[in-house]
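Shown next, in structure tokens, is the structure this report addresses.
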Amino acid sequence: MILLLFKTYCYHMVMQNEWQPLTFLADALVNMVSSNMDFGETTVSKAYKRAAGHALEHNYAIGRQQGLNRVIVTPGGKLNCKVVIHVGLIVGKDSCKSCLSNVIPQILQECEKNACKSIALIPLGLGRMYKYEAGDCAEQTFLSLNQYHNSGILKEVKIVVSDDETLHVFTTTLKSAEQSGTSSRTDIPRPKLLGLPKRMVSAIGSRSSNPADSSKPMAEHFYRKDGNSETKSTRRQGPPRVKYQAVPDVNISVFAKDKPTCVKALKEMVQKMKQDLLFEKKFDRMHSLSHETKSEIAKVIDDHNIISIKEKDHFLLKGKRDEVLSAHSCIMGILLKNPRMSNTKRSADNTKRGTTEFACVVAGEEPMVPNYWKHYQEGSTLSNIILTVKHTIKGKDYEKVDIEPTSHTYSRIVRMVNETTDPSVIGQGKDATGLDPGRYSKLWVTQIQRIENLSLFRKYCHKRLSLFEQLVKQKKGAWPKVESLPKSTGPIELQKLASKKMASDLHPEINEVLLFHGTKEDTIETICQDGLDSRLGSDKAMFGPGVYGAEKALKADQYTDDPTSRTYGKGKFKKMFLMRMLLGHCFVCDDQNPTKYKRAPCCTCFKVVCNHLSQRFDSVMGDNQKLFREFVVYDGGQCYPEYLITYERR
């Protein structure tokens with residue numbers, strides 16, 4: 001047994017030879033699942049399955065349907081605990097510290113939410129799956145435990161390790177923390193430094209809770225802030241609500257070798273504190289809410305220990321990032337169930353297009369699901385629908401919805417492909433290496449699927465709203481259309497071929513367009529799940545690393561297979577996307593040997609790197625007398641891969 005003393009904390013570590021979850025004496029147990037959140041793929045989760053039976057796996061499957069979080073909580077079942085906290089991490093040793101700094105506080109928060117006084121925590125990420133190094137894991141574990149602001153509910157943390165080497169690393173790290181802790185400032189209360197799950201070590205630490213530490217009492221209703229005063233926003237019977245007390249000032253001292261280093265460190269620290277502790281999230285005000293619904297929302301706000309500020313058209317939630325996001329999700333669920341939720345037509349529908357007023361209205365709206373998507377619900381916002389949709393494909397955020405060959409959308413996309421495939425230029429151009437014009441003359445479409453990834457589409461919509469915000473700031477109603485730009489050779493060909501249904505959700509004010517994007521088979525699922533990533537673009541590409549779109553299907557076809565092993569004929573399937581792209585304020589580049597852009601150039605000097613504080617363009621259009629025009633964005637959030645086209649070269 002090893003006994004360590006750190007201020008008021010006492011730790012003891014006991015070695016055990018095998019993994020036995022039933023022997024843990026803690027209110028909360030931690031299980032580690034795979035990076036794609038599959039149960040039973042890790043040694044740890046297999047042991048839990050043996051100990052707790054199929055009931056635990058069943059409960060995990062139910063919990064996973066609530067969302068794709070990396071921390072999922074289930075009842076303890078046969079195990080000697082209240083809850084089991086299942087954790088999935090990011091693979092790779094370089095991800096250790098950033099991942100654990102995010103996951104461990106979530107674990108501790110779940111303990112407090114479930115009134116757990118003790119937890120058995122394992123060294124997260126060690127082993128062949130995640131490849132985290134024991135030293136990094138131990139250091140970040142103790143650091144996260146030390147920095148966590150405990151409300152006093154959690155008294156003990158038992159850290160369970162499985163071998164002598166890991167025990168030595170954690171013990172050494174704990175001793176180092178103890179030594180550095182003795183020289184720390186004594187006027188700052190020491191956070192709980194707690195210790196140590198294949199042979200097993202348990203470290204137990206505790207500290208007394210001080211009721212005075214809590215500067216914010218539990219509240220019961222909406223709170224409104226008008227000017228410098230705060231008032232209730234709902235009426236109720238019972239004792240008056242206690243106002244939030246001011247949190248005492250925190251003095252932070254930074255020591256470094258010189259002043260610039262101190263200033264930089266302090267700025268980064270303040271920015272991090274703002275992101276983590278003063279996080280903001282809005283939700284629209286709804287009229288005619290029932291008293292019961294208002295009470296439910298108020299309870300969520302109080303339970304998450306955050307504040308709400310009533311503004312003109314919405315409520316602003318403010319507090320710790322995880323608590324705000326969790327509360328916002330709960331509130332969206334409540335509003336979705338509310339029987340009096342308004343189904344009135346969006347205000348943008350009643351505003352003239354292309355005006356500053358229209359841009360202002362759209363910039364303040366909650367995104368909607370396109371009305372031709374499978375999961376469209378009239379009157380429901382995208383955020384609301386995300387809460388109710390559970391994809392049937394395990395571990396994926398998206399569904400591939402087949403487009404019927406008899407539908408107008410299918411025939412229109414086929415027409416787009418056919419009319420932008422000119423057999424006379426097959427095999428021409430640098431990127432057409434290996435293509436034999438004698439082997440095929442058309443691209444024969446065999447299947448079209450719509451990619452419905454609500455989470456990815458929400459990110460895309462937020463980028464779309466930000467472009468409208470830029471219009472509002474510059475008091476404009478729309479950016480110049482592509483065909484009206486200097487040096488442009490005309491409109492994008494696909495725009496005139498899109499059906500009314502496909503064009504109904506596009507916003508020409510910010511040059512939201514449809515373009516083709518060809519890619520190899522092995523990248524398809526990643527793009528459907530995570531979207532297009534401009535950082536993965538080639539530095540050798542004509543306009544630098546970015547996401548490229550083509551108005552000609554023949555151009556996109558050049559990138560769908562390896563130039564050294566091109567294939568043709570029936571059964572040799574290729575795939576390309578018909579994607580949405582936000583060109584926004586577009587820059588036309590007509591240089592024969594253009595700059596390798598890493599981002600769109602400055603609107604003043606047209607350079608990538610400059611000292612101007614003016615706006616940058618949002619995209620680049622290569623219109624330089626080449627065989628094909630190309631459209632490039634340097635932020636993957638400006639693209640959404642809406643249709644997946646499967647075809648053959650015939």
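A donor-acceptor pair is defined here as one N or O able to donate and one able to accept, closer than 3.5 Å; such a pair exists between the side chain of Gln428 and the backbone of Ser424. Under a 3.5 Å cut-off, the side chain of Glu551 and the backbone N or O of Glu493 do form a donor-acceptor pair. A distance-only check finds no donor-acceptor pair linking the side chain of Ser488 to the backbone of Ser484 [under 3.5 Å]. Side-chain atoms of Arg70 come within 3.5 Å of backbone atoms of Ser35 as a donor-acceptor pair (strictly under, hydrogens ignored). Side chain of Asn511 to main chain of Gly584: a donor-acceptor pair is present (N/O by atom type, distance under 3.5 Å, no hydrogens or angles). Side-chain N or O atoms of His517 include one that pairs as donor or acceptor with a backbone N or O of Tyr548 at under 3.5 Å. Side-chain atoms of Ser101 come within 3.5 Å of backbone N or O of Lys97 as a donor-acceptor pair. Side chain of Arg458 to backbone of Leu382: no donor-acceptor contact under 3.5 angstrom is found. Of the possible donor and acceptor atoms, one in the side chain of Asp623 sits under 3.5 Å from a partner among the backbone N and O of Thr489. The backbone N or O of Val91 lies less than 3.5 Å from no partner atom in the side chain of Tyr132, so there is not a single donor-acceptor pair.
Ion pair Glu512/Arg580 flagged as a salt bridge, since at least one NZ, NE, NH1 or NH2 atom sits closer than 4.0 Å to an Asp/Glu carboxylate oxygen. Between Glu642 and Arg450 no salt bridge is recorded (no basic side-chain N to carboxylate O distance below 4.0 Å). Between Glu648 and Lys570 there is no salt bridge, since none of the side-chain N atoms of the basic residue sits less than 4.0 Å from a carboxylate O of the acidic one. Salt bridge annotation for Asp436-Arg649: absent, with no cationic side-chain nitrogen under 4.0 angstrom from a carboxylate oxygen.
Side-chain atoms of Leu644 and Gln447, non-hydrogen and from C-beta on, never get closer than 4.5 Å to each other. Residues Met32 and Tyr130 are in side-chain contact: their nearest non-hydrogen atoms beyond the backbone lie under 4.5 Å apart. Counting heavy atoms from C-beta on, the side chains of Phe39 and Asn31 come closer than 4.5 Å. Two residues are said to be in side-chain contact when any heavy atoms from C-beta on lie closer than 4.5 Å; Arg629 and Lys552 fail this criterion. Contact annotation: the side chain of Glu404 never approaches that of Tyr410 to less than 4.5 Å [non-hydrogen atoms, C-beta and beyond]. Put simply, the side chain of Pro486 does not reach to within 4.5 Å of the side chain of Val588, judged on heavy atoms. Side-chain atoms of Val445 and Ile413, non-hydrogen and from C-beta on, never get closer than 4.5 Å to each other. For the pair Cys603/His585, a side-chain contact is recorded, criterion being any heavy-atom separation below 4.5 Å from C-beta on.
Atom CG of Asn593 is surrounded by 12 or fewer heavy atoms from other residues, nucleotides or ligands within 6.0 Å.
Side chain to side chain, Lys575 and Thr646 meet the donor-acceptor criterion of an N or O pair below 3.5 Å. A donor atom on one side chain and an acceptor atom on the other are not found under 3.5 Å apart for Lys555 and Thr420. Asp38 and Asn36 share a side-chain donor-acceptor pair at under 3.5 Å. Using a 3.5 Å distance cut-off with no hydrogens or angles, the side chains of Ser455 and Asp397 do not pair a donor with an acceptor. For the 3.5 Å distance criterion, the side chains of Asp557 and Tyr647 qualify, holding a donor opposite an acceptor. No hydrogens or angles considered: a donor-acceptor pair under 3.5 Å links the side chains of Ser45 and Thr42.
For the pair Thr567 and Lys574, the tightest heavy-atom approach, listed with the atom from each and the gap, is OG1-NZ, 2.5 Å. Residues Phe457 and Pro370 approach most closely at CE2-CD, 3.6 Å, considering heavy atoms.
Residues Phe468 and His507 bring their aromatic ring centres within 6.0 Å.
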Contacts table for residues 631-641: side-chain donor-acceptor under 3.5 angstrom, sequence neighbours left out:
residue, atom, partner, partner atom, Å
Tyr634, OH, Phe543, O, 2.7
Asp635, OD1, Gly637, N, 2.9
Asp635, OD2, Lys463, NZ, 3.3
Gln638, NE2, Leu582, O, 2.7
Gln638, NE2, Asp618, O, 3.1
Tyr640, OH, Ile451, O, 2.5
Tyr640, OH, Asn453, N, 2.9

